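We number each residue from 1, following the sequence as shown. Every value quoted in this text rests on a predicted model; they were computed, and no experiment measured them.
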Amino acid sequence: MPYDVTDLALADEGRLRIEWADRHMPVLRDIRARFEKERPLEGLKVAACLHVTTETANLMRTLKAGGASVVLCASNPLSTQDDTAAALVEHYGIDTFARRGVDTDGYYAHLEAALDTRPNITMDDGCDLVTLLHTKRRDQLAEVTAGTEETTTGVIRLRQMEREGALAYPIIAVNDTPTKHLFDNRYGTGQSTIDGILRATNLLLAGTTFVVAGFGYCGKGLAMRARGLGAKVVVTEVDPIRALEAAMEGFRVAPMAQAAREADVIVSVTGDRDVMRREHFEVMKDGVVLANSGHFDVEIDKAALAELASSVVRVRENVEEFTLEDGRRINLVAEGRLVNLGAAEGHPAAVMDMSFADQSLSLEWLSRQQDLEVRVHDVPAEIDAEVAKVKLATMDIEIDTLTDAQESYLHSWTEGT
Ligand code: ADE
């Protein structure tokens, strides 16, 4: 079986953690039990490029139970949990290419290895696999019938590919469905970003000035949770509507040039590059902590920071301290990569439960389609409703149903004042 992982001896530890996560993923478990009986994914050859975490492991088990053949590679050089990767190979028989801390060449070698299996479906987190297929591996494009994408960043790229006529096969934007981004992006990123910063630094957030760059769903969750821990939260934005929303949520809104002077902690969650750059580093306070929770490590201009620094010392496992000529120290967490996955374990299983239920049911839906139009597709609304319904049931939450009169009122246009 082809694989490349750090240490197979970690497999037992990985299995225990995968099983722990599974206890918090009841929707995915239900789907897996049904898939085992019905085998709806028979014939699918899936190449998945995702963060190799315990939650992803349970998704891979589900796809395999559904009859798919699966290969997994990591979607980020720093997010791989080596014990999970080992368990996937040793205990679950899933070809896995992932080592925490690989360099860029190693990272792409793993994506290439996944594509060497000649998949007919891609499952991507950030669009790197799709980009590789549409550039260096174009000869394989005709074999691929469809795909899914997990992230905001990836979907933005796919829509651009669609606009430019570059997209070669249909892809479902799993990120854009409500049971994904309203929960995973908001509550998942909110909690796990703070988790990463705290595990890395052991800071007390109460009383600090905590700057959140970007007020999309991830930024909203992060700002909300930082406030909950007693931080004075400042939001930076480029979009006037989001800035207004942040202001009306009670957050101070300021440009980065100003926020950077006051911040104790700054976290980027924008999806764009150079959000913290030279002009900002030049005015930051001594001891400031910088982190990124956007998909790629481009939001903090690390090259400019290194240029300004007279020394760089790793002061804790996931913190590098850059000392500037004037003695000020700037602390960078998790190399400016996704801090929630680089310094913690990513989103908790209970929220990945919904995202990965969306992924599994989207693949089942794709397996039933023929001649799907080549464009970015939404997750079918019935999948979204089903995931929410089952999640509620697993949380023992009941809701009301419309009476007949209410139902018909909603469908009439003649009743008014
Ligand atoms: N993205 C964010 N958190 C994640 C997790 N726990 N597993 C997989 N992908 C993730």
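A donor and an acceptor atom, one from each side chain of T6 and D82, are located under 3.5 Å apart. A donor-acceptor contact closer than 3.5 angstrom is absent between the side chains of H295 and T153. Side chains of D4 and H110: a donor on one and an acceptor on the other come within 3.5 Å. Side-chain atoms of K45 and N120 form no donor-acceptor pair, as typed in the model, at a separation below 3.5 Å. The closest side-chain donor-acceptor pair between Y169 and T122 falls under 3.5 angstrom.
Here the OG atom belonging to S362 is positioned 9.0 Å from the CG atom belonging to D384, to the nearest 0.5 angstrom. Distance CG/D7 to CZ/R99: 9.0 Å, rounded to 0.5 Å. Here L63 contributes atom CG and L363 contributes atom CG; the two are 5.5 Å apart, rounded to the nearest 0.5 Å. We find the CG-OG1 distance between D30 and T62 to be 10.5 Å, quoted to the nearest 0.5 Å. The structure places CZ of R328 at 10.5 Å from OG1 of T323, a figure rounded to the nearest 0.5 Å. A distance of 4.0 Å separates CG in D128 from OH in Y108, rounded to the nearest 0.5 Å.
Salt-bridge annotation for E149 and R157: absent, with no side-chain N of the basic residue lying under 4.0 Å from a carboxylate O of the acidic one. Between K220 and E245, at least one side-chain N (NZ, or NE/NH1/NH2) sits under 4.0 Å from a carboxylate O, which counts as a salt bridge. Salt bridge absent: E262 and K285 never bring a charged side-chain N and a carboxylate O closer than 4.0 Å. Between R316 and E321 there is no salt bridge, since none of the side-chain N atoms of the basic residue sits less than 4.0 Å from a carboxylate O of the acidic one. A salt bridge is defined here as a Lys NZ or Arg NE, NH1 or NH2 lying under 4.0 Å from an Asp or Glu carboxylate O, and E364 with R34 meets this definition. A salt bridge links D195 with R199: the closest approach of a Lys/Arg side-chain nitrogen to an acidic carboxylate oxygen falls below 4.0 angstrom. The pair R273-D301 fails the salt-bridge criterion, with no side-chain N (NZ, NE, NH1 or NH2) lying under 4.0 Å from an Asp/Glu carboxylate O. We find that R278 and E307 are joined by a salt bridge, their nearest charged nitrogen and carboxylate oxygen being less than 4.0 Å apart.
Contact of the K180 side chain with the M354 side chain is not registered, since no non-hydrogen atoms from C-beta on lie closer than 4.5 Å.
At most 12 heavy atoms of other shown residues, nucleotides or ligands fall within 6.0 angstrom of atom CD1 in I399.
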(message) Show, in sequence, the C-alpha distance, side-chain angles and deciding distance for E345 and R17, and conclude whether the salt bridge (Lys or Arg N to Asp or Glu O under 4.0 Å) test is met.
(response) CA-CA 11 Å; E345 293 170 69; R17 292 200 319 108; 2.9 Å; yes
(request) Would you sort out whether E112 and R137 count as a salt bridge (Lys or Arg N to Asp or Glu O under 4.0 Å), showing the intermediate values? (result) CA-CA 9 Å; E112 299 260 12; R137 307 277 297 233; 2.6 Å; yes
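Just one of I94, D83, T56 meets the side-chain contact (heavy atoms from CB on, under 4.5 Å) condition when paired with L88; it is I94.
F183 and H347 have their aromatic ring centers separated by at least 6.0 angstrom.
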